[in-house]
Amino acid sequence: MEYVTLRLILGDQLNLQHSWFTQKDPSAVYLMAEMRQETDYVNHHIQKVTGFFLAMRDFAQELQNQGHQVHYIRITDGMATKSLPEILQHCIDTYAIQNFEYQLPDEYRLDVQLKTFCAQLSISHQAVDTEHFYTTREELGQFFAGKKQFLMETFYRMMRKKHQVLMVGNDPLGNQWNFDHDNRLKFKNQVPVPPMAVFPKDVTALLNELAQAEVQTFGDIEPKCFAWPINRKEALIQLNYFCEHLLPHFGDYEDAMHTEQAFLFHSRLSFVMNTKMVSPKEVIDRVVQHFYANQETITLSQVEGFVRQIIGWREYVRGIYWHHMPDYAQRNALDNTYPLPEMYWTGKTKMNCMQQALGLSLQNAYAHHIQRLMVIGNFSLLTQRHPDAVDAWYLGVYMDALEWVELPNTRSMSQYADGGILATKPYVSSRSYIQKMSNYCTGCHYDVKSRTGEQSCPFNSLYWNFLDDKKAYFTKNQRMSMMLNLLGKIQPEELYAIKKRASEIIENPDLF
Ligand code: FAD
Ligand code: SF4
């Protein structure tokens with residue numbers, strides 16, 4: 001077969017709507033590869049590897065059905081062990097390719113790898129936009145250029161105005177930009193939670209291939225019933241399901257956690273969006289249109305909460321990522337050095353909140369943002385784990401984890417390792433936040449109120465110990481002054497006991 005152009009499609013570039021596919025070009029071949037460099041750069045959850053490969057295979061099949069030519073490399077092929085540049089060079093040589101094209105990768109390491117590869121190419125080459133996000137990399141660069149502060153709220157309002165989402169002219173619908181304060185209800189079975197939408201598939205054959213290729217993974221999977229959507233059709237069903245069944249209570253219980261509800265009213269759309277099966281614009285348009293048609297059952301605060309996550313947070317963290325890479329990935333402002341405890345891989349701990357949040361992550365390759373931020377992230381920061389180790393775990397465990405979105409959320413927002421680019425103060429809390437937003441403390445092995453003694457909740461001593469350990473760093477931070485004042489009022493004997501208890505937990509977290 002003779003081809004002129006080779007076009008690369010990465011595993012998170014499954015955008016059937018891309019202009020590449022509007023015309024069938026018999027002189028172009030699309031390359032898709034299941035690569036060890038992608039399975040092995042961190043230890044991944046088995047569901048994440050399975051989900052990506054299933055989705056890639058489905059996408060390749062769909063392209064072929066539409067009449068495009070695809071060169072697909074499976075994980076068991078010998079070529080899968082080669083690096084991306086080696087695979088590309090092999091294809092260029094095999095087909096005597098004269099022109100190479102790729103979509104701009106969202107991860108820095110792949111961006112560098114492809115730029116370096118292209119720099120030594122003697123054939124023509126070009127990079128094109130993925131046509132997925134609201135904002136291009138250039139637009140983000142212009143927005144963030146020269147700014148000292150990077151407030152999400154400023155970015156969010158600009159996006160609402162620019163894209164006319166929930167706007168009446170220049171004013172926000174309902175005359176209020178942000179309903180965050182309404183989105184903090186504790187879940188006490190006030191309303192029934194609909195079952196999650198599932199797309200069951202038997203993945204035994206793929207699991208056998210992964211075993212044959214000796215890909216190392218962790219976490220649980222049900223081989224006969226893999227539930228995630230893996231193509232555009234299923235992604236759109238998931239989106240419609242969200243609008244009809246979950247959106248009416250999304251905002252209210254956005255931050256809630258409950259032992260009997262893994263997903264509550266969350267959309268579980270991050271995987272299909274991050275792999276680009278659906279675009280954020282499609283999601284927002286559908287959600288907003290559904291809201292306008294159903295205002296008697298859906299309040300503005302539910303919809304605004306959702307819109308903020310997507311045109312606000314999702315686009316904003318991408319801007320932060322590209323503005324600050326590559327040194328961003330090395331930051332460790334608080335000099336934390338401890339490795340991750342074993343419980344992150346086993347879920348075994350007596351702390352009920354950690355058991356629940358880690359358990360959900362290992363079981364489903366999913367946890368919602370508060371479990372990620374205020375339980376696991378909080379514990380990681382309070383026990384002063386190294387941000388590299390925390391990042392690697394978050395990058396491996398969640399279905400939706402890609403560095404452009406994982407790193408700003410984990411290293412910046414959750415671990416404060418960037419020294420305050422994204423958050424004005426660290427997201428740390430004693431048991432108070434967890435108790436307020438969940439039922440985890442009821443039935444926990446530990447006594448939720450006490451901060452010293454063998455039965456005391458670990459989060460309590462850890463919180464005050466963290467403030468004490470890092471107080472020199474935070475003395476000039478106005479937003480920390482109230483907590484530091486409270487710290488100063490703890491009697492020396494009690495502080496000694498608190499720090500002794502915290503140090504035992506930090507040194508041997510798996511005993512707790
Ligand atoms: P919903 O609660 O239904 O929210 C709707 C959508 O909003 C999500 O699908 C997502 O696309 C977007 N969104 C919500 N919050 C954020 C956010 N903070 N940043 C970017 N987009 C957001 N999200 C990822 O997609 N990949 C990650 O690797 C990732 N790592 C995270 C690590 C930490 C420590 C924290 C605190 C958050 C992380 N998030 C990440 C953000 C958020 O937790 C997930 O997007 C969300 O839980 C996905 O579930 P959902 O689709 O049900 O989300
Ligand atoms: Fe977590 Fe402490 Fe509550 Fe137990 S008591 S669930 S350890 S916050």
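Whatever order the structure lists ligands and atoms in, that order sets their numbers, starting from 1.
Protein heavy atom closest to atom 36 (C) of ligand 1, with residue, atom name and distance, is Leu373 CB, 3.6 Å. Considering only non-hydrogen protein atoms, atom 34 (C) of ligand 1 sits nearest to Tyr394 CE2, 3.5 Å. Ranking the protein heavy atoms by distance from atom 5 (C) of ligand 1 puts Phe306 CE1, 3.4 Å first. Atom 30 (N) of ligand 1 has Arg372 NH1, 3.4 Å as its closest protein atom, hydrogens excluded (heavy atom only). For atom 27 (C) of ligand 1, the nearest non-hydrogen atom of the protein is Asp400 OD1, 3.2 Å. Summary of contacts: the protein heavy atom closest to atom 41 (C) of ligand 1 is Asn409 ND2, 4.0 Å.
Classification of the Tyr366-Trp228 ring pair by plane angle, with boundaries at 30° and 60°, yields tilted.
When non-hydrogen atoms are compared, ligand 2 lies under 4.0 Å from the side chain of Cys444 (C-beta onward) but not from its backbone. At a 4.0 Å heavy-atom cut-off, ligand 1 touches Asn274 through the side chain alone. At a heavy-atom distance under 4.0 Å, only side-chain atoms of Met273, from C-beta outward, approach ligand 1. Neither the backbone nor the side chain of Phe263 has any atom closer than 4.0 Å to an atom of ligand 1 (non-hydrogen atoms only).
Salt bridge absent: Lys281 and Glu131 never bring a charged side-chain N and a carboxylate O closer than 4.0 Å.
Taking the six-membered ring for Trp and the full ring otherwise, the centers of His163 and Tyr134 sit less than 6.0 Å from each other.
The side-chain contact (heavy atoms from CB on, under 4.5 Å) test with Ile284 is passed by exactly one of Val165, Val303, Leu166: Val165.
Atom-to-atom distance recorded for Asp391:CG and Arg411:CZ is 4.5 Å, nearest 0.5 angstrom.
Not a single N, O or S atom of Cys441, from either the backbone or the side chain, sits less than 2.8 Å from atom 2 (Fe) of ligand 2.
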